[in-house]
There are 2 protein chains.
Amino acid sequence: MSKGDKKKDVTIHDLAQELKISPSTVSRALRGHSSIGEKTKKAVRELAKKRGYRPNAIASSLRTNQSNTFGIMVSWINRTFISSLIAGIEKAAREAGNRVIITQSHDIAELEKENLQALYDSRISALIVSLAMETRDYSHFSLFSKNGIPVVFVDRFPNKKDIHKVHINNFNAAFEATEHLIHQGCSRLAHFGGARHQAIYEDRRSGYIAALKKNNIDVDEKLILQGNSLSAEEGLMLAEQALALAPPPDAIFCANDTAAVSAIRYAKSKGIAIPEQLAIIGFNNDPICEIIDPPLSSIHHPAAEMGEAAVKQALAILAGKIETESARSVTLETHVVIRASSDKLGSLAKP
Amino acid sequence: MSKGDKKKDVTIHDLAQELKISPSTVSRALRGHSSIGEKTKKAVRELAKKRGYRPNAIASSLRTNQSNTFGIMVSWINRTFISSLIAGIEKAAREAGNRVIITQSHDIAELEKENLQALYDSRISALIVSLAMETRDYSHFSLFSKNGIPVVFVDRFPNKKDIHKVHINNFNAAFEATEHLIHQGCSRLAHFGGARHQAIYEDRRSGYIAALKKNNIDVDEKLILQGNSLSAEEGLMLAEQALALAPPPDAIFCANDTAAVSAIRYAKSKGIAIPEQLAIIGFNNDPICEIIDPPLSSIHHPAAEMGEAAVKQALAILAGKIETESARSVTLETHVVIRASSDKLGSLAKP
DNA sequence: CGGCAAAACGCAATCGATTGCATTATTATT
DNA sequence: AATAATAATGCAATCGATTGCGTTTTGCCG
């Protein structure tokens with residue numbers, strides 16, 4: 001109760017002394033080393049339990065030079081995609097016997113850098129990162145790579161070679177989303193894009209353009225609305241801009257769901273029928289897709305699986321198992337989820 | 001690039017040797033100890049930067065017996081409330097110079113216990129917990145409290161005295177939510193409750209009952225629908241049950257938003273007008289409240305602030321500043337957020 | 001220039017667990 | 001029963017930083 005009760009922890013030395021054996025034997029016994037007799041092992045384990053002994057991971061880490069700790073660096077923890085990603089990482093890391101330290105950059109490059117330093121100081125075994133929106137300079141990651149600490153990027157990754165990453169094929173996903181709209185009969189398709197220096201957004205934009213070209217639809221620059229954060233507010237602004245065009249678009253492929261939902265709400269407020277006058281598809285397949293009316297079509301983005309894949313990737317690197325260049329990059333599958341917001345043909349109602 | 005490049009880290013010994021001074025001096029210089037000369041400090045700092053020295057937090061922790069690490073134990077990371085809570089904890093902890101290790105119990109008591117052991121092994125400075133839904137036995141927390149490691153409960157806490165916690169006044173919040181419905185003219189109010197062994201749900205239920213009594217409305221047990229996880233599916237079931245009653249309720253106070261949204265959807269599918277025939281209010285004020293149509297009234301639950309408050313509480317305990325019994329429990333403010341789902345009087349439209 | 005206090009710095013132990021290399025106890029072999 | 005062989009266990013250094021206390025250096029005054 002009072003402040004100063006720092007009962008010292010039981011250590012292997014305490015156990016050793018009580019059993020009149022050496023600390024080395026205790027250490028080996030606890031880890032089931034083969035060269036320790038069964039009776040000794042049993043005695044040690046029993047006393048350990050009896051005294052409430054708990055290994056000191058810090059001391060162990062220092063000696064073995066292995067922290068068994070994964071570091072995570074993301075923009076914001078409280079985002080649907082990110083929190084699912086983290087949930088996946090935590091699960092996979094724990095199952096492999098690792099702890100997880102988490103940090104957030106708030107999308108600020110400077111904070112990202114500071115946090116990376118702190119993670120390094122903790123001597124993490126591996127780092128899993130989804131870049132801050134701001135980040136364009138990747139030099140602070142060399143601190144890890146130069147010291148043999150695996151760095152695996154997830155979702156938002158640097159635009160360069162020789163990195164390990166887990167991602168989705170944003171180009172293809174965007175292509176499919178766009179073609180889906182086209183197949184529904186849309187011909188004036190707008191695109192709401194995110195910050196272009198982030199590869200994921202640039203790829204989604206490219207996929208959109210490629211789909212238009214393949215279907216012989218002219219690419220109209222005015223229909224490409226450049227956003228940045230793709231927040232709800234930004235989505236509203238973009239929707240306003242898009243619908244002010246003459247003629248207005250008959251479809252929108254939005255690079256995330258948050259902004260797409262704003263677009264739906266704005267369009268509805270203007271009395272525009274969705275999907276009849278305006279078909280909309282988002283990206284991520286956030287839970288809000290099912291809540292909004294009409295439900296929002298989207299691209300399923302396997303967040304938790306990406307986290308698990310990132311951990312596996314990191315473990316493979318640590319085990320020295322990544323040899324081929326192709327193994328450096330893991331691409332997970334996405335798929336279009338069709339809901340009412342883009343279902344002009346009524347294919348949902350049929351079955 | 002190849003596997004075996006474990007360039008050994010630069011240590012204070014390396015710096016010491018190069019400067020022909022002792023490691024103790026380097027250590028003190030880096031920490032700005034007053035008994036070290038200015039020129040020495042400068043020289044040390046410069047060489048440290050030049051050689052890319054980074055302190056080994058593990059070694060430091062071992063020696064000082066301070067890990068500067070907060071442990072978090074929650075049910076699921078990817079839940080709106082929880083992820084915001086964690087975001088708040090991470091922020092406050094970092095600002096106070098602490099790392100954050102995160103674990104999730106998946107609402108399984110056994111996993112919670114295992115994770116707690118692992119956190120203890122990491123010698124965390126303090127623990128912040130939101131209990132697993134399953135948990136009814138709190139004995140594994142004594143491992144921490146007995147060793148002087150602060151444990152602060154957030155949101156879901158044990159039903160006992162002598163614990164530190166950060167919470168909201170669930171009774172009052174529920175009372176206000178219920179009275180709000182009554183003031184809107186409702187008289188047959190249903191309640192969707194969560195697992196009763198969790199104090200937060202029991203308190204919400206009590207608040208609901210108290211509000212009815214105060215307003216001279218008979219408490220009808222059939223109108224209290226007992227849920228457990230209050231998932232979307234469960235919300236659907238409860239809504240079905242509630243609306244099958246004769247006569248059906250004219251309002252629902254649901255102990256979370258997820259289930260409330262399900263209720264809205266179910267009611268709409270049955271052609272029931274909201275809020276005219278059925279007024280609904282949820283709890284948490286999740287983002288979906290604004291997305292669903294009609295927008296869902298709710299109780300604002302300050303997740304991130306609760307996380308920050310929990311960190312402050314833990315730091316205060318560590319500093320030996322918690323003396324009074326009252327200081328052990330921090331209660332944050334909530335408020336009713338009125339939206340269309342319960343606005344029968346149209347007060348929203350007026351201004 | 002001697003003397004002394006204050007300022008700088010070094011020694012060596014310490015934190016708790018791990019491990020290479022002995023050393024001792026036990027069992028097997030002939 | 002003596003010796004080889006094997007199984008068990010112990011010694012002591014180590015990981016990197018910190019710290020109480022002792023030692024050296026510097027600065028200042030008479």
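What's counted below: heavy atoms across the whole structure, side chains too, no hydrogens, waters or symmetry copies. Order of the sequence lines fixes the chain letters, A, B, ..., with proteins taken first and strands second; residue numbering starts at 1 for each chain. Not measured: the values here are computed from a predicted model.
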Spacing between [X] atom [atom1] and [N] atom [atom2], to the nearest angstrom:
X        : N      : atom1 : atom2 : answer
A:Ile21  : C:dT18 : CD1   : C1'   : 15 Å
B:Leu62  : D:dT18 : CG    : P     : 11 Å
A:Gln17  : D:dC11 : CD    : P     : 13 Å
A:Tyr53  : C:dG16 : OH    : C1'   : 8 Å
A:Arg123 : D:dG16 : CZ    : C1'   : 9 Å
A:Asp14  : C:dC15 : CG    : P     : 11 Å
A:His33  : D:dG10 : NE2   : C1'   : 14 Å
A:Arg54  : C:dA17 : CZ    : C1'   : 15 Å

Next on the checklist: Run the side-chain hydrogen bond (donor to acceptor under 3.5 Å, both in side chains) test against B:Ser60 and tell me which residues pass, sequence neighbours left out.
Outcome noted: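 side-chain hydrogen bond (donor to acceptor under 3.5 Å, both in side chains) list for B:Ser60, sorted by chain: empty.
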Checklist entry - More 5' along DNA chain C: B:Thr25 or A:Ile58, using each one's nearest nucleotide? => result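 That would be B:Thr25.
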Checklist entry - In terms of the nearest nucleotide of DNA chain C, which residue is placed more toward the 5' end: A:His13 or A:Arg28? => result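 So the residue in question is A:His13.
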Checklist entry - A:Arg123 versus B:Asn56: any side-chain heavy-atom pair under 4.5 Å? => result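 Of all side-chain heavy-atom pairs linking B:Asn56 with A:Arg123, at least one is under 4.5 Å.
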Does [X] have a side-chain nitrogen or oxygen under 4.0 Å from the phosphate oxygens OP1 or OP2 of [N]?
X       : N      : value
A:Ser22 : D:dG10 : yes
B:Ser61 : D:dA17 : no
B:Ser60 : D:dT18 : yes
A:Arg31 : C:dT18 : yes
A:Ser27 : C:dT18 : yes
A:Thr40 : D:dT9  : yes

Mind checking if [X] touches a base, just sugar-phosphate, or nothing, with heavy atoms under 4.0 Å?
X       : result
B:Asn65 : nothing
A:Lys39 : nothing
B:Ile36 : sugar-phosphate

Item to check | Angle by which the axis turns from one end of the helix from C:dC1-D:dG30 to C:dT30-D:dA1 to the other, five pairs per end, to 10 degrees | outcome: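 Nearest ten degrees gives 50° for this helix.
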Checklist entry - Can you name the ring-ring contact (aromatic ring centres under 6.0 Å, His included) partners of A:Tyr138, sequence neighbours left out? => result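 Partners of A:Tyr138 under the ring-ring contact (aromatic ring centres under 6.0 Å, His included) test: none.
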Item to check | All ring-ring contact (aromatic ring centres under 6.0 Å, His included) counterparts of B:Phe70, not counting sequence neighbours | outcome: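 With neighbours one apart ignored, the set is empty.
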Item to check | Nucleotide nearest B:Asn56 when distance is taken to its side chain, options C:dA17, D:dT19, D:dA17 | outcome: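 For the B:Asn56 side chain, the nearest candidate turns out to be D:dA17.
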Item to check | Pair of N/O donor and acceptor under 3.5 Å linking C:dG16 base with B:Arg63 side chain | outcome: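 It does not, because no donor-acceptor pair links the side chain of B:Arg63 to the base of C:dG16 below 3.5 Å.
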Checklist entry - On a plain distance test, is the side chain of B:Thr64 in donor-acceptor contact with the base of C:dC15 below 3.5 Å? => result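 Such a pair does not exist between side chain and base.
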Taking the basic N atoms (NZ, or NE/NH1/NH2) and the acidic carboxylate oxygens, is any pair closer than 4.0 Å for [X] and [Y]?
X        : Y        : answer
A:Lys91  : A:Glu95  : yes
A:Glu308 : A:Lys312 : no
B:Glu46  : B:Lys42  : yes

Checklist entry - What about A:His167 and A:Phe157, are their ring centers closer than 6.0 Å? => result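 Here the rings of A:Phe157 and A:His167 have centres that are less than 6.0 Å from each other.
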Next on the checklist: Please list all pairs meeting side chain to side chain donor-acceptor pair (under 3.5 Å) that have one or both residues in residues 109-122 of chain A, counting only residues at least two apart or in different chains.
Outcome noted: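 The answer is A:Glu112-A:Thr135, A:Tyr120-A:Asn147, A:Tyr120-B:Asp9, A:Asp121-B:Arg54, A:Ser122-B:Arg99.
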Identify all pairs in which a protein N or O lies below 3.5 Å from an N or O of nucleotides 4-7 of chain D, and state each distance.
none

Checklist entry - Between A:Ser35 and A:Arg28, which heavy-atom pair has the shortest distance, and what is it? => result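 Where A:Ser35 meets A:Arg28 most closely, the heavy atoms are OG-CD, 4.4 Å.
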Next on the checklist: For a side chain to side chain contact (heavy atoms under 4.5 Å, CB included) check, start with the C-alpha distance between A:Glu18 and A:Arg51, then their side-chain angles and the critical distance, and finish with the verdict.
Outcome noted: CA-CA 11 Å; A:Glu18 192 165 346; A:Arg51 294 275 168 273; 2.6 Å; yes
